[in-house]
Amino acid sequence: MNALPIVAVVGRPNVGKSTLFNRILGTRHAIVEDRARTTRDRLYGESEWNGRRFIIVDTGGLEQDPDDPIEARVQEQARLAIAEADVIVFVVDAMSGITPPDLEAAELLRRASSPVLVAVNKADNDRRELEAAEFYSLGWDETYAISAAHGRGTGDLLDAIVWALPPETAEEIARKTREAEADAWARDVAEGFLEPQVVGDEPLDGDAETEDAGGSEIDGGDFGADRALDAEARKWDAAIAAESEDTPVAIAIVGRPNVGKSSLLNALLGEERSIVSDIPGTTRDAIDTTLAYGRTEVVLIDTAGMRRRGKVAGGLDSEKYSALRALRAIARCDVAILVLDAVDGLTAQDAHVAGYVAEEGKGLIVAINKWDLLAEKTDRSFDEYVRTIRRDVPFLDFAPVVSISAKTGQRVGRVLEAAVDVWGERRKRISTGELNRLLVEAGRRQTPPVVKNKRPKIFYGTQAGVAPPTFVIFAREAGSVHFSYRRYLENQLREAYGFDGTPIRLVFRERSAVELPRRRKSGGAGAKANTKGGVSTGKKTARPVAKGSRRA
């Protein structure tokens with residue numbers, strides 16, 4: 001579905017392809033290590049130069065007849081990138097000169113239909129730049145001496161890449177027009193010429209004040225503050241929605257090693273996008289892939305298996321970078337799919353990964369993979385499995401659970417459907433009036449427990465944000481609200497409004513009780529003595545003393 005042209009970066013191992021890939025993107029997206037065969041899967045990123053946008057693809061090193069089965073799959077991925085590319089950047093090493101693997105890779109690229117640009121990397125000084133002239137013998141006139149690590153000569157290479165790209169398509173031109181209009185709208189909003197419009201929200205004037213009735217611990221109070229907060233939150237949500245209207249849903253596939261994350265990605269895409277192997281740690285980078293879903297798109301992020309901290313700390317640098325990129329994938333996704341092994345069951349490391357997702361406030365789906373390998377299944381096996389997960393990891397009770405088989409494709413479509421549904425639940429909004437009516441009913445059924453001889457008193461609440469749904473509740477002794485009562489209110493919200501698959505954040509803020517003016521007592525000599533000209537003097541009236549008392 002992507003109309004942008006594709007530029008593939010290829011070459012033999014350890015010539016600096018990933019370094020050039022990161023330089024063109026302007027970010028450290030690919031793992032860079034001074035060791036051959038670090039990159040395995042195809043990595044995609046979007047870049048722009050001189051007004052032209054394109055997709056840049058990093059690949060594994062080209063080799064003839066590798067002795068490793070995983071490296072054989074790497075060669076398949078590299079050849080797929082060459083086949084789909086509109087422009088090919090052939091990276092070689094100026095320090096080592098022309099090598100036999102370079103000649104073998106050049107022979108493969110001569111059969112490609114797309115234009116080839118030779119990038120002689122590691123030309124860090126004038127002498128090496130002169131020595132790079134020997135690579136003209138490979139037969140391509142478009143040869144450029146560069147240093148990907150320092151940025152030397154990369155601008156000329158990018159100029160040549162843009163020049164070699166095919167003409168802009170109608171989709172690219174339409175995309176540019178939409179972006180220009182969006183930029184103009186954003187500038188007008190920033191300068192105060194326009195206001196973000198909220199479409200479909202009910203007016204805040206309809207929110208009724210909540211009264212203290214039936215002995216409830218919730219007080220009505222003044223709703224001016226929460227109305228303003230609610231209106232401000234709606235305004236910003238509308239602005240965010242306008243900015244991210246064209247942003248696809250980001251879904252990260254996470255879990256410990258060798259549970260079938262890459263197999264699930266391939267099953268959803270219907271192609272061998274990621275290398276699949278029984279050897280743990282096959283996937284190293286976080287791989288983004290765009291998938292058409294209905295009339296929109298979703299971005300699927302395949303991540304490396306997250307091992308225990310002790311194993312990662314004592315492993316290779318590539319394993320450390322893989323773990324960091326997996327954590328970053330969780331931070332930038334909307335919904336995470338936690339893949340479990342049905343045979344191994346839920347492990348402590350699975351719970352740790354789920355904890356990372358919950359702490360980031362992301363949506364969560366639990367996918368029990370390899371369900372076809374589970375022996376002696378019955379009609380109750382799935383329900384028993386779910387009960388075990390809920391019992392062992394109580395904080396996952398909000399996450400939907402799906403049993404799948406990525407190898408056979410059984411129910412993999414349900415995972416994607418559930419992830420998109422959770423994405424919608426994360427953006428659900430409740431009006432202030434509805435929220436406070438729920439708090440009233442919850443307070444009538446169960447009052448906050450006493451903590452250290454202090455009973456919290458809840459006044460009112462409002463929803464302050466979405467993704468994840470965040471509620472600010474004003475109370476007296478807010479710091480004494482017990483964890484159990486927080487869970488109680490969260491369960492009440494889920495029972496009434498769903499919020500399936502997304503964490504809910506409850507923020508309690510301190511607020512003193514609202515003091516109402518007391519009625520003035522009518523009549524009495526004391527009342528007259530304390531007033532002058534209709535204004536209280538502030539003096540106390542002496543109480544009359546009965547005869548026979550001690551003061552008398």
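When reading the values below, keep in mind they use all heavy atoms of this one structure, side chains included, and skip hydrogens, waters and symmetry mates.
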Just so I know, are the side chains of [X] and [Y] near enough to count as touching, which here means a heavy-atom distance under 4.5 Å?
X	Y	result
Val91	Val118	no
Phe135	Ile98	yes
Leu340	Val366	yes
Asn121	Val92	no

Show which side-chain atoms of residues 415-423 pair as donor or acceptor with protein atoms under 3.5 Å away, not counting sequence neighbours.
none

Could you walk me through whether Thr470 and Gln463 pass the side-chain contact (heavy atoms from CB on, under 4.5 Å) check?
CA-CA 6 Å; Thr470 303; Gln463 185 170 358; 5.9 Å; no

Any side-chain to backbone donor/acceptor pair from [X] onto [Y]? Under 3.5 Å, distance only.
X	Y	value
Tyr293	Val299	no
Lys362	Cys333	yes
Arg152	Ile146	no
Ser114	Ala85	yes
Ser403	Trp371	no
Arg128	Met95	no
Asn369	Val259	yes
Arg23	Ala149	yes
Thr347	Asp344	no
Thr502	Phe499	no

Starting from the C-alpha separation in whole Å, work towards a yes-or-no answer on side-chain contact (heavy atoms from CB on, under 4.5 Å) for Val254 and Ile337.
CA-CA 6 Å; Val254 300; Ile337 300 174; over 6 Å; no

Test of understanding: with side-chain hydrogen bond (donor to acceptor under 3.5 Å, both in side chains), list the residues that count as partners of Glu360, not counting sequence neighbours.
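Once residues adjacent in sequence are excluded, Glu360 has no partner under the side-chain hydrogen bond (donor to acceptor under 3.5 Å, both in side chains) criterion.
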
Would you call [X] and [Y] a salt bridge, using N to O less than 4.0 angstrom?
X	Y	result
Asp341	Lys370	yes
Lys122	Asp93	yes
Arg12	Glu104	no
Lys428	Glu425	yes

At their closest point, which heavy atom of Thr154 faces which heavy atom of Ser147, and how far apart are they?
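Looks like CG2-O, 4.1 Å.
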
Within this structure, what is the [atom1]-[atom2] distance for the pair [X] and [Y], rounded to the nearest 0.5 Å?
X	Y	atom1	atom2	answer
Ile56	Leu4	CD1	CG	12.5 Å
Trp49	Leu165	CH2	CG	13.0 Å
Asp102	Leu138	CG	CG	7.0 Å
Thr289	Leu269	OG1	CG	5.5 Å

Tell me whether Lys407 at atom NZ has more than 12 heavy atoms from other residues, nucleotides or ligands lying less than 6.0 Å away.
no

If you apply the rule side-chain contact (heavy atoms from CB on, under 4.5 Å), what do you find for Val57 with Val9, and how did you get there?
CA-CA 6 Å; Val57 186; Val9 180; over 6 Å; no

Is the cationic atom of Arg52 (NZ for Lys, CZ for Arg) positioned less than 6.0 Å from the six-membered ring centroid of Trp163 and within 45 degrees of its normal?
no

May I have the step-by-step check of side-chain contact (heavy atoms from CB on, under 4.5 Å) for Leu264 and Val339, ending in yes or no?
CA-CA 9 Å; Leu264 176 58; Val339 183; 4.0 Å; yes

Scan side-chain atoms only and decide if Tyr136 and Glu134 contain a donor-acceptor pair under the 3.5 Å cut-off.
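No, Glu134 and Tyr136 have no side-chain donor paired with an acceptor closer than 3.5 Å.
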
